[in-house]
Amino acid sequence: MFKHGKTGYTYYSVREKINYYTDIIKGKRAADDTLKAKAIKRLPELQRLDKQSYSEPKVIVTDDKKFGNGISKPRLCIAVKEDNKKRVLVAPIMKVTSNYVILDNNIDRQISKTADGRNKWLDRNDIYEDKYFSPPLVLTERDKAKIKRLYSDKK
């Protein structure tokens with residue numbers, strides 16, 4: 001649980017919500033019929049979220065203070081993987097501060113916008129075949145979309 005540093009809104013974790021709704025269903029907390037019906041409906045969904053595997057990347061939300069921010073607020077992250085102790089490695093999603101695109105099929109390579117001064121205009125007679133490089137680099141549709149967005153004139 002954490003309180004938003006500016007709004008004061010309280011955010012509860014999935015496990016805290018499971019405990020709360022379980023107490024309502026078991027009668028340990030006073031609740032009206034509407035809240036009991038909501039608890040019965042929400043509990044399986046929350047339990048599914050609690051038990052999900054993080055062997056594949058998933059989008060999650062956590063407290064931004066965990067990443068060194070001065071105030072608590074919700075932070076969108078990617079759960080990358082899980083270790084044998086059931087801890088989850090998360091990578092925070094941040095606004096792009098650079099003009100680089102990491103390519104989907106070759107994450108060791110990136111392209112940049114002209115901010116580095118490395119991009120050049122070439123004549124067509126300076127273009128060669130790409131057969132000299134192995135393995136061949138294939139741009140995905142997402143790569144193409146990112147590159148178009150990076151080089152678009154509209155900001």
Side-chain angles (χ1 to χ4, degrees), residues 1-119 135-155:
M1 172 187 85
F2 68 90
K3 285 190 181 228
H4 193 289
K6 290 184 180 177
T7 65
Y9 183 81
T10 303
Y11 292 86
Y12 295 97
S13 72
V14 172
R15 288 197 174 166
E16 289 169 329
K17 289 179 180 181
I18 288 172
N19 293 337
Y20 175 73
Y21 288 132
T22 302
D23 288 349
I24 288 173
I25 292 171
K26 290 182 178 178
K28 293 181 180 178
R29 287 185 188 258
D32 60 0
D33 292 338
T34 309
L35 189 54
K36 285 180 184 177
K38 180 182 176 184
I40 290 169
K41 184 179 176 184
R42 285 276 288 149
L43 192 58
E45 178 185 347
L46 292 168
Q47 288 172 334
R48 181 186 52 81
L49 285 173
D50 187 45
K51 292 178 183 175
Q52 73 182 348
S53 169
Y54 292 103
S55 58
E56 290 290 319
K58 290 185 176 44
V59 177
I60 64 163
V61 175
T62 190
D63 185 1
D64 197 25
K65 203 165 191 173
K66 302 277 185 196
F67 297 102
N69 195 332
I71 65 169
S72 289
K73 62 182 179 182
R75 174 60 161 239
L76 200 59
C77 299
I78 302 295
V80 179
K81 62 182 175 179
E82 188 175 19
D83 67 3
N84 56 2
K85 295 180 181 177
K86 298 292 184 188
R87 294 179 300 189
V88 179
L89 176 65
V90 296
I93 295 177
M94 297 182 266
K95 278 199 168 265
V96 175
T97 58
S98 66
N99 289 322
Y100 292 93
V101 172
I102 307 294
L103 301 174
D104 289 339
N105 289 335
N106 191 344
I107 61 172
D108 295 336
R109 302 283 184 225
Q110 63 187 7
I111 66 166
S112 69
K113 197 165 176 167
T114 56
D116 288 344
R118 295 182 181 190
N119 297 359
L137 178 63
V138 178
L139 292 178
T140 64
E141 292 301 317
R142 290 189 346 235
D143 281 336
K144 293 174 187 176
K146 289 187 282 188
I147 293 166
K148 286 178 186 176
R149 188 169 177 193
L150 178 66
Y151 282 91
S152 75
D153 294 330
K154 300 174 186 173
K155 291 289 175 181

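Values below: every heavy atom of this structure, side chains too, minus hydrogens, waters and symmetry copies.
- Taking CG from Leu46 and CZ from Arg48, the interatomic distance works out to 9.0 Å, rounded to the nearest 0.5 Å.
- Judged by distance alone, with hydrogens and angles left aside, the side-chain atoms of Asp50 form no donor-acceptor pair with the main-chain N or O of Gln47 at under 3.5 Å.
- Only one option out of Val59, Leu89, Ile60 pairs with Ile78 in a side chain to side chain contact (heavy atoms under 4.5 Å, CB included); it is Val59.
- Atoms NZ and OH, from Lys86 and Tyr54 in turn, are 11.0 Å apart once rounded to the nearest 0.5 Å.
- Residues Lys144 and Ile147 are not in side-chain contact: their nearest non-hydrogen atoms beyond the backbone lie 4.5 Å or more apart.
- For the residue pair Ala31 and Leu35, the shortest heavy atom distance occurs at CB-CD2, 3.7 Å.
- Leu49 approaches Gln52 most closely through the heavy-atom pair O-CG, 3.2 Å.
- Between the Asn105 side chain and the Val138 main chain, a donor and an acceptor come within less than 3.5 Å of each other.
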Item to check | Intermediate values then yes/no, side-chain contact (heavy atoms from CB on, under 4.5 Å), Asp104 and Lys146 | outcome: CA-CA 10 Å; Asp104 289 339; Lys146 289 187 282 188; 3.1 Å; yes
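- In this structure, Ile18 and Leu43 approach most closely via the heavy-atom pair O-CD1, 3.8 Å.
- Nearest approach of Ser53 to Lys58, heavy atoms of both residues: O-NZ, 2.9 Å.
- Side-chain contact between Arg75 and Phe67 is present, with heavy atoms from C-beta onward closer than 4.5 Å.
- Without hydrogens or angle criteria, Lys36 side chain to Gly27 main chain gives no donor-acceptor distance under 3.5 Å.
- Aromatic ring orientation, His4 versus Tyr11: tilted (interplanar angle from 30° to 60°).
- At most 12 non-hydrogen atoms from other residues, nucleotides or ligands lie less than 6.0 angstrom from CG of Asp33.
- The CD1 atom of Ile71 lies 8.0 Å from the CG atom of Asp64; values are rounded to the nearest 0.5 Å.
- The minimum heavy-atom distance between Pro92 and Cys77, with the atom names listed, is CA-SG, 3.8 Å.
- Note that CD1 of Ile24 and CZ of Arg42 are 11.5 Å apart. Values are rounded to the nearest 0.5 Å.
- Counting heavy atoms of neighbouring residues, nucleotides and ligands inside a 6.0 Å radius, atom CD1 of Ile107 does not exceed 12 of them.
- Of all heavy-atom pairs between Tyr20 and Arg29, the closest is CD1-NE, 3.4 Å.
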